[in-house]
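Report on one structure; see the data block that follows.
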Amino acid sequence: MNKTVTNATEAIKGINDNMVFAFGGFGLCGIPENSISALVKSGVKGLTCISNNAGVDDFGIGLMLHQRQVKKMISSYVGENAEFERQLLSGELLVDLIPQGTLATRLMAAGYGMPAIFTPAGVGTEVAEGKEVRTFNGKEYLMEYAFDVDFAFVKAWKGDTQGNLIFRKTSRNFNPLVAMAGKITIAEVEELVPAGELDPDHIHIPGIYVHRIFQGVDYEKRIEQRTLTPRA
Amino acid sequence: MNKTVTNATEAIKGINDNMVFAFGGFGLCGIPENSISALVKSGVKGLTCISNNAGVDDFGIGLMLHQRQVKKMISSYVGENAEFERQLLSGELLVDLIPQGTLATRLMAAGYGMPAIFTPAGVGTEVAEGKEVRTFNGKEYLMEYAFDVDFAFVKAWKGDTQGNLIFRKTSRNFNPLVAMAGKITIAEVEELVPAGELDPDHIHIPGIYVHRIFQGVDYEKRIEQRTLTPRA
Amino acid sequence: MLDKTGIAKRIAQEVKDGSYVNLGIGIPTLVANYIPQGMNVVLQSENGLLGIGPFPFDGEEDPDLINAGKQTITTIPGSAFFDSALSFGMIRAGKVDLTILGAMEVSENGDIANWKIPGKMVKGMGGAMDLVASAKHIIVAMQHVNKAGESKLLPKCDLPITGLRCVKKIVTELAVLDVLPDGGFKLIERAPGVSVEQIKNATAGKLIIEGDIPEMIL
Amino acid sequence: MLDKTGIAKRIAQEVKDGSYVNLGIGIPTLVANYIPQGMNVVLQSENGLLGIGPFPFDGEEDPDLINAGKQTITTIPGSAFFDSALSFGMIRAGKVDLTILGAMEVSENGDIANWKIPGKMVKGMGGAMDLVASAKHIIVAMQHVNKAGESKLLPKCDLPITGLRCVKKIVTELAVLDVLPDGGFKLIERAPGVSVEQIKNATAGKLIIEGDIPEMIL
């Protein structure tokens with residue numbers, strides 16, 4: 001089942017204004033750089049974007065914010081991003097801040113066909129407002145719903161033509177969960193290999209969750225906080 | 001954090017009558033052979049055993065049934081096992097049959113700290129009796145609870161001294177889920193290696209879920225249905 | 001009248017290029033043998049594999065590599081292993097396009113009974129309840145009548161059911177029938193040499209016959 | 001009076017051999033530097049790593065290997081990577097023994113506020129709400145008073161809270177305090193050169209002082 005497309009522009013066919021997109025990545029680590037570039041070029045707008053973070057001013061989802069393509073961000077931490085802050089304060093941008101584990105688990109729930117999950121995160125806080133609270137074994141939990149994602153964009157280290165994906169180190173982060181959540185999931189990889197070259201025991205996301213895959217180009221892989229140990 | 005113990009006998013210290021145990025494996029594939037032998041020798045009894053299957057008459061959990069150590073089996077399919085059938089029909093053994101996906105997900109829920117999950121499996125059947133039914137997006141789901149497991153027994157292919165585990169092919173099956181569910185999780189491995197020898201990207205279950213690990217011996221790895229393609 | 005192979009061959013015609021398919025034990029397993037060469041179909045085994053290959057040659061069997069029927073199997077290029085929770089997760093999320101399984105009874109509204117006979121030793125439902133509750137498309141492979149000669153296509157299931165309103169198509173030794181969304185078995189094709197009358201006689205549930213019913217081509 | 005390093009050093013004394021620990025951003029991150037050599041402690045990073053190693057040497061940094069503060073890090077023998085759902089799964093399941101994090105306010109019943117100041121740009125709670133709702137043991141590292149000189153140990157949090165009744169211990173520049181199950185800050189130790197009176201004056205919530213309060217040993 002060959003899912004290969006030639007590049008990001010071909011991969012994003014079918015996107016439309018006002019859709020719900022989800023993106024892998026934590027900060028700028030493991031973000032789908034090629035897909036984001038193609039989305040910026042596409043001019044698609046009115047988007048709801050589920051992503052743990054919102055990029056920085058000139059990279060990642062920050063590029064889409066700059067083009068005013070995003071109507072609403074659903075994130076756990078939106079970090080340092082001046083344009084983001086300006087749009088938020090002016091009311092141009094809506095933001096749903098939700099706990100990071102809740103974000104991860106709501107994506108996972110979509111991939112596992114579970115309509116809702118229970119988590120104690122946010123009980124008693126403003127995150128709980130309007131949500132069903134339920135007690136199990138004397139502890140309170142919020143019921144949180146699975147996300148409904150039109151297009152999911154992920155970045156993997158290696159992938160094969162069948163869509164099987166392997167992630168590298170902490171660039172795995174939200175990528176497998178986002179991959180599982182998409183009605184259409186688009187994976188870009190640093191290395192695309194023929195089916196059979198990946199060890200079936202090493203695959204993090206089986207191809208059944210991936211609809212289109214392409215070999216990415218020109219990865220910048222920007223580091224946000226280069227923190228070093230001085231050499232002795 | 002060295003979790004190594006010398007053998008199965010040492011690994012099972014702390015087990016007691018009437019506890020809840022969970023076992024990895026599908027049929028006889030990937031079962032914790034060494035731990036089961038030690039449990040048979042220990043004479044522990046009155047057990048509730050969560051395991052997808054119940055072994056065969058002379059192997060796997062069948063050995064524990066033969067010693068009348070099991071009070072109750074929680075399984076999805078109990079297969080061909082004459083002693084099992086005899087005990088069941090005589091009322092010596094209780095059996096809870098639950099859907100395989102429900103079994104897997106209730107174990108996973110324990111490992112993910114989720115007290116309950118929703119699944120459509122069993123809606124409208126006798127499995128649903130007494131259970132909460134809830135409708136999401138027009139589809140009915142049962143609410144099913146996470147398992148509460150005292151000791152979990154798994155078999156992995158490779159493991160390191162920190163308890164990190166890698167499974168091989170379809171012997172993975174329920175093992176990672178059982179590993180996550182145990183208050184005490186005991187892993188036996190075909191090859192125990194020093195910390196640092198496993199690629200951190202290849203680990204299926206991180207050591208945080210594993211409390212004791214040992215190098216297994218004398219694996220039989222019995223095949224239930226040797227099915228072959230005739231050579232041309 | 002079809003034999004088991006014939007039923008499997010006919011069902012194989014329903015498998016679409018580019019689909020993920022779960023095959024139950026028995027006749028459904030045979031379907032894999034008749035999927036046309038060159039068609040891209042990935043078989044899922046609910047014990048944790050996408051991409052089931054053929055049975056191994058003697059001496060190449062691996063105790064760590066079995067299907068959900070516990071038979072030794074092989075992998076193919078592009079196979080992937082995973083745990084049982086993800087396996088049923090992908091089933092529950094509707095990622096598996098087609099499930100083919102056996103049944104003891106099917107009702108005219110698509111209920112299926114295939115796991116329990118009261119009074120007999122019950123072995124368990126395995127993954128059947130998960131599969132029928134979640135699969136996008138379900139085809140049942142079974143005999144039209146039971147050993148006592150009674151129809152297995154009923155107004156209502158007598159046996160404890162496995163899932164509600166889930167079966168979309170049935171292939172038996174006599175016929176191919178669609179289960180209509182509003183209820184009823186719509187006769188689609190007759191098996192070679194089988195008359196509409198024979199099918200009528202063997203079907204206890206509401207049978208819908210419109211126009212000429214073609215004989216199936218295998 | 002302790003500086004940030006002193007707070008980190010004192011908290012390091014609370015870390016037990018054989019434990020899994022999650023360190024928040026800021027002072028908590030420094031705690032890693034003062035865990036005694038030879039003690040087996042595994043640090044969890046909620047973006048998907050167990051076994052955080054030191055910062056890399058110049059030229060060895062890897063953009064695919066960062067901690068939850070987005071700093072470049074390294075691994076150690078026995079490290080394992082996983083996705084964010086499993087990461088918070090192990091946190092939620094109580095597998096992480098200790099969480100150390102900063103706070104803006106803690107109330108005498110253990111409520112914590114550390115994510116939002118009304119009227120200011122809110123950056124989000126990240127993983128803090130998950131951590132405080134689930135961790136078995138939570139130690140807060142913070143200044144005793146805010147920049148306006150007001151106590152951050154309060155009868156009740158004024159700021160929007162992050163989690164209820166979760167903080168077990170607080171280490172500030174002035175003192176170590178336990179949050180009692182029935183409420184109240186129990187004074188355990190004074191920082192070097194700090195008097196009980198100073199701690200009283202800096203604590204707005206119920207302060208419990210029993211017997212002589214020893215000076216901490218760093």
Side-chain angles (χ1 to χ4, degrees), chain B residues 26-30 52-53 75-80 84-85 88-89 95 97-105 107-109 111 119-127 139-141 157 167-177 180 204 219-231, chain C residues 25 29 45-49 52-75 79 81-92 111-113 115-116 121-134 160-166:
Chain B
F26 183 95
L28 301 178
C29 178
N52 188 56
N53 312 95
S75 303
S76 86
Y77 189 83
V78 292
E80 283 69 30
F84 183 96
E85 192 162 344
L88 180 61
L89 295 174
V95 179
L97 292 171
I98 64 178
Q100 196 173 133
T102 302
L103 184 69
T105 314
L107 289 163
M108 184 179 87
T119 175
V123 167
T125 75
E126 58 183 63
V127 163
K139 188 174 168 96
E140 288 185 330
Y141 295 81
W157 180 44
F167 304 93
R168 185 170 176 273
K169 301 188 178 182
T170 57
S171 73
R172 194 182 317 181
N173 56 61
F174 283 84
N175 278 299
L177 314 164
M180 290 197 292
H204 296 127
Y219 282 105
E220 182 174 340
K221 297 178 76 164
R222 198 186 288 187
I223 292 175
E224 276 184 90
Q225 305 239 20
R226 193 177 304 270
T227 316
L228 303 172
T229 294
R231 285 181 195 270
Chain C
I25 294 168
T29 301
S45 195
E46 64 265 31
N47 56 321
L49 171 62
I52 306 177
F55 296 131
F57 292 122
D58 191 8
E60 294 177 7
E61 64 274 23
D62 182 340
D64 289 337
L65 182 49
I66 63 171
N67 65 17
K70 294 163 195 166
Q71 299 170 313
T72 45
I73 50 167
T74 58
T75 54
S79 287
F81 295 111
F82 36 85
D83 67 47
S84 301
L86 187 61
S87 182
F88 284 95
M90 65 184 66
I91 289 166
R92 216 182 290 115
D111 296 353
I112 179 171
W115 79 282
K116 184 174 183 176
M121 165 72 184
V122 182
K123 304 209 183 292
M125 67 292 279
M129 281 191 184
D130 304 274
L131 282 159
V132 301
S134 298
I161 70 158
T162 309
L164 296 172
R165 290 175 299 279
C166 53

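Residue numbering restarts at 1 for every chain, and letters A, B, ... go by the order of the sequence lines.
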Where the side chain of [X] meets the backbone of [Y], is there a donor-acceptor pair that is under 3.5 Å apart?
{"X": "C:Asp83", "Y": "B:Leu177", "value": "no"}
{"X": "C:Asp64", "Y": "B:Arg168", "value": "no"}
{"X": "B:Thr170", "Y": "C:Ile66", "value": "yes"}

Among [options], who wins on heavy-atom pairs under 4.5 Å with chain C?
{"options": "B:Val123, B:Thr102, B:Leu228", "value": "B:Leu228"}
{"options": "B:Glu224, B:Glu85, B:Glu140, B:His204", "value": "B:Glu85"}
{"options": "B:Pro99, B:Ser171, B:Gly27", "value": "B:Pro99"}

With a 4.5 angstrom heavy-atom cut-off, which part of [X] approaches chain B: side chain, backbone, both or neither?
{"X": "C:Asn67", "result": "backbone"}
{"X": "C:Phe81", "result": "both"}
{"X": "C:Ala68", "result": "both"}
{"X": "C:Val132", "result": "neither"}

* To do: Could I get the full list of side chain to side chain donor-acceptor pair (under 3.5 Å) partners for C:Thr162, not counting sequence neighbours?
  => C:Asn114
Could you look at [X] and say if it's the side chain, the backbone, both or neither that has a heavy atom under 4.5 Å from chain C?
{"X": "B:Val95", "answer": "neither"}
{"X": "B:Ile98", "answer": "backbone"}
{"X": "B:Phe84", "answer": "side chain"}
{"X": "B:Ser75", "answer": "neither"}
{"X": "B:Asn175", "answer": "neither"}

Based on non-hydrogen pairs under 4.5 Å, which of [options] is most in contact with chain B?
{"options": "C:Gly126, C:Ala85, C:Pro160", "value": "C:Gly126"}
{"options": "C:Asp62, C:Leu164, C:Val122", "value": "C:Asp62"}
{"options": "C:Ser84, C:Gly48, C:Pro54, C:Pro63", "value": "C:Ser84"}
{"options": "C:Leu49, C:Leu65, C:Asp58", "value": "C:Asp58"}
{"options": "C:Met129, C:Arg165, C:Lys123", "value": "C:Lys123"}

* Output, in order, the C-alpha distance, side-chain angles, deciding distance and verdict of side chain to side chain contact (heavy atoms under 4.5 Å, CB included) for C:Met121 and B:Val78. => CA-CA 10 Å; C:Met121 165 72 184; B:Val78 292; 3.9 Å; yes
Taking all atoms of both residues into account, what is the closest heavy-atom pair of [X] and [Y], and its distance?
{"X": "B:Ala121", "Y": "C:Asp130", "result": "CB-OD1, 3.3 Å"}
{"X": "C:Thr72", "Y": "B:Ile223", "result": "CG2-CG2, 3.7 Å"}
{"X": "C:Gly127", "Y": "B:Gln100", "result": "N-NE2, 3.4 Å"}
{"X": "B:Gly101", "Y": "C:Arg92", "result": "O-NH2, 3.7 Å"}
{"X": "C:Ser134", "Y": "B:Pro120", "result": "OG-CG, 3.6 Å"}
{"X": "C:Gly124", "Y": "B:Leu97", "result": "CA-CD1, 3.7 Å"}

Working to the nearest 0.5 angstrom, can you tell me the gap between [X] [atom1] and [Y] [atom2]?
{"X": "C:Trp115", "Y": "B:Glu126", "atom1": "CH2", "atom2": "CD", "value": "4.0 Å"}
{"X": "B:Lys169", "Y": "C:Ser79", "atom1": "NZ", "atom2": "OG", "value": "10.0 Å"}
{"X": "C:Ser45", "Y": "B:Phe26", "atom1": "OG", "atom2": "CZ", "value": "7.0 Å"}
{"X": "C:Met125", "Y": "B:Thr125", "atom1": "CE", "atom2": "OG1", "value": "6.5 Å"}

* To do: Return the set of residues passing side-chain contact (heavy atoms from CB on, under 4.5 Å) with C:Phe57 (not counting sequence neighbours), or none when no residue passes.
  => B:Thr229, B:Arg231, C:Glu60
